[in-house]
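These notes are about the structure you will find just below.
By convention in this document, chain letters (A, B, ...) are assigned in the order of the sequence lines, proteins followed by strands, and residues within each chain are numbered from 1.
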There are 2 protein chains.
Amino acid sequence: MSHTLDGPAPGARQAQKQKTRQALLDAALHLLAEQSLSSLGLREVTRAVGVAPTAFYRHFRDTADLGVALVEEALGSLHTTLVATLAATGDGEERITAAVDLIVAYVRTYPAHARFIAREQHGGVKAVREAIGGQLALFAEEVAAQFAKEPEAAGWSEADLLMLARMYVDHMVMTASALLGTDDEEPVADRARRQLRLLTLGRRHWLDETVDETVDKAAGETADKSGRYSTEP
Amino acid sequence: MSHTLDGPAPGARQAQKQKTRQALLDAALHLLAEQSLSSLGLREVTRAVGVAPTAFYRHFRDTADLGVALVEEALGSLHTTLVATLAATGDGEERITAAVDLIVAYVRTYPAHARFIAREQHGGVKAVREAIGGQLALFAEEVAAQFAKEPEAAGWSEADLLMLARMYVDHMVMTASALLGTDDEEPVADRARRQLRLLTLGRRHWLDETVDETVDKAAGETADKSGRYSTEP
DNA sequence: AAACTCGGAGAACAGTTGTTAACTGCATGG
DNA sequence: CCATGCAGTTAACAACTGTTCTCCGAGTTT
């Protein structure tokens with residue numbers, strides 16, 4: 001902050017530009033609460049901000065371009081948070097509550113961002129769909145990489161770890177979407193935790209056949225061709 | 001066409017009406033391949049069919065109303081098919097392949113319907129969102145009811161069965177969406193089957209603590225407060 | 001201090017949108 | 001056989017859209 005302001009700090013112009021750019025993003029996000037990106041008009045956004053329609057072009061080519069920028073804004077900062085949460089917890093109940101708490105906090109803090117991601121993940125704008133898909137794939141890789149470091153991952157193929165990680169990531173998105181659709185978030189969070197427990201149980205018994213311990217009692221009458229669950233050729 | 005139709009069957013005009021109605025639904029579905037429902041214009045649909053814009057009002061109030069009709073068309077006939085598939089298979093590998101095959105066949109036969117459901121499940125039109133949510137909740141109830149009949153469901157609470165069923169239903173939608181995004185469906189189907197195997201494993205060990213058999217070896221060093229997984233108060 | 005950059009404003013364009021109104025023709029039920 | 005119902009048409013409306021071109025004025029550079 002210094003002497004308040006003795007010079008027109010180099011970049012005062014650029015600061016104003018990013019200020020209106022951010023205003024455009026905010027306004028768009030707000031408007032997207034009740035419609036999809038493919039119906040979001042350029043003029044609609046500029047009108048909400050209070051600038052001329054043509055000013056839009058100084059920042060984005062079209063609304064699809066703005067959508068891609070929103071994807072980065074919504075998910076970009078989440079990578080470190082998610083990895084840190086996983087790294088700080090082991091495979092157990094502690095991790096389950098931490099993961100669900102993370103999603104609940106995110107949805108509460110940035111509901112518009114969460115809604116945007118859930119909505120446009122399968123939305124009508126290809127570029128945005130691919131941007132979100134890329135981010136989620138990245139999340140899955142990071143989660144899988146974290147899983148690989150843990151002792152429970154012994155014997156797991158890389159593909160199976162990635163498959164498991166994708167289930168966790170997809171489950172997070174579904175939980176976020178479910179949270180947005182209700183005002184009483186407790187039952188939704190509870191269900192999410194139980195679902196994660198189911199996934200954890202599945203993970204723990206994924207390699208059971210190789211341990212040659214019990215298991216055969218679980219097969220019971222439905223004993224069928226459930227061989228090994230590996231993926232490698 | 002030939003004799004076989006000597007009388008103007010009572011309802012000849014009504015037949016024509018439902019014919020154009022179906023044409024509107026088909027045209028809309030085709031247009032929705034590359035946009036969301038909230039951006040689908042009334043005139044756009046009538047133009048594709050070749051009727052006057054005002055003819056639209058004879059069948060639907062607005063495009064949102066048309067969307068609700070599309071939900072019924074897309075999912076209505078699937079209930080019996082799904083329940084029959086589950087009833088014909090036991091809890092095992094056989095059911096997993098049958099379920100995945102069902103989704104693959106559906107996506108291959110009605111790709112536009114599948115895309116519509118995946119897209120508008122979280123889309124910008126509230127009425128359609130709720131219609132899809134209702135249908136999926138119904139699916140989950142039906143799946144849970146089928147599960148309840150099976151011996152593997154012994155000891156399960158109703159809420160836990162519903163939770164499990166929801167995971168299966170959500171997984172089906174996710175798989176359908178993944179299939180639509182690729183031209184090589186084999187790896188996607190394979191991943192879906194492995195994910196279902198994980199869920200099946202989780203299901204089989206959900207009540208393990210009460211069986212007091214092994215388990216403690218799985219807990220190992222990360223032995224934490226993973227008590228019982230019940231839901232009832 | 002002059003020259004330049006560039007975010008934004010303004011006006012105008014050709015198209016499009018949803019919705020209303022009055023109309024036509026035909027299958028229908030009396 | 002005639003009158004009614006109703007799917008679909010035609011015409012017109014005010015409002016809105018994305019995009020182009022021209023211009024302004026303040027920040028930046030030389």
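The phosphate of dT28(C) has OP1 or OP2 within less than 4.0 Å of a side-chain N or O from Arg13(B). Contact annotation: Arg43(A) side-chain N/O to dT19(D) OP1/OP2 distance is not under 4.0 Å.
Between Glu44(B) atom CD and dG18(C) atom P there is a gap of 8 Å when expressed in whole angstrom units. Counting to the nearest Å, the C1' atom of dG8(C) and the CZ atom of Arg21(A) are 17 Å from each other. What separates CD of Gln18(A) from P of dG27(D) is a distance of 17 Å, to the nearest Å. Distance OH (Tyr57(A)) to P (dT17(D)): 12 Å, rounded to an integer number of Å. Protein atom CZ of Arg61(B) is 17 Å distant from nucleotide atom P of dG18(C), rounded to whole Å. In this entry the distance linking CD of Gln14(B) with C1' of dG29(C) reads 14 Å, nearest Å. One interatomic measurement links the two molecules: CG of Asp62(A) to P of dT20(D), which rounds to 12 Å at whole-angstrom precision. To the nearest angstrom, P of dT19(C) lies 7 Å from CG of Leu42(B).
Each of dT9(D), dC16(D), dT17(C) was ranked by its minimum atom distance to the side chain of Arg47(B); first place goes to dT17(C). Of all nucleotides listed (dC16(D), dT17(C), dG8(C)), dG8(C) comes nearest to the side chain of His59(A). Picking from dC16(D), dT20(D), dG8(D) the nucleotide with the shortest atom distance to the side chain of Gln16(B) gives dG8(D).
If you take CZ on Arg21(B) and CD on Gln16(B), they are separated by 14.0 Å, rounding to the nearest 0.5 Å. Taken from CG in Leu82(A) to CD in Gln146(A), the straight-line distance is 9.5 Å, to the nearest 0.5 Å.
There is no side-chain donor-acceptor pair under 3.5 Å between Glu120(A) and His122(B).
Using a 4.0 Å heavy-atom cutoff across all strands shown, Ala55(A) reaches sugar-phosphate atoms only and no base atom.
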- Task: Please step through side-chain hydrogen bond (donor to acceptor under 3.5 Å, both in side chains) for the pair Gln135(A) and Gln121(A), ending with a clear verdict.
- Result: CA-CA 10 Å; Gln135(A) 289 280 331; Gln121(A) 186 189 4; over 6 Å; no
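Donor-acceptor pairing under 3.5 Å, judged by distance alone, is absent between the side chain of Thr54(B) and the base of dT20(C). The base of dG8(D) lies close enough to the side chain of Arg58(B) for a donor and an acceptor atom to sit less than 3.5 Å apart.
Both Pro53(A) and Pro53(B) sit near DNA chain D, but only Pro53(B) has its closest nucleotide nearer the 5' end.
Side-chain contact check for Val68(B) versus Phe60(B): every heavy-atom pair is 4.5 Å or farther apart.
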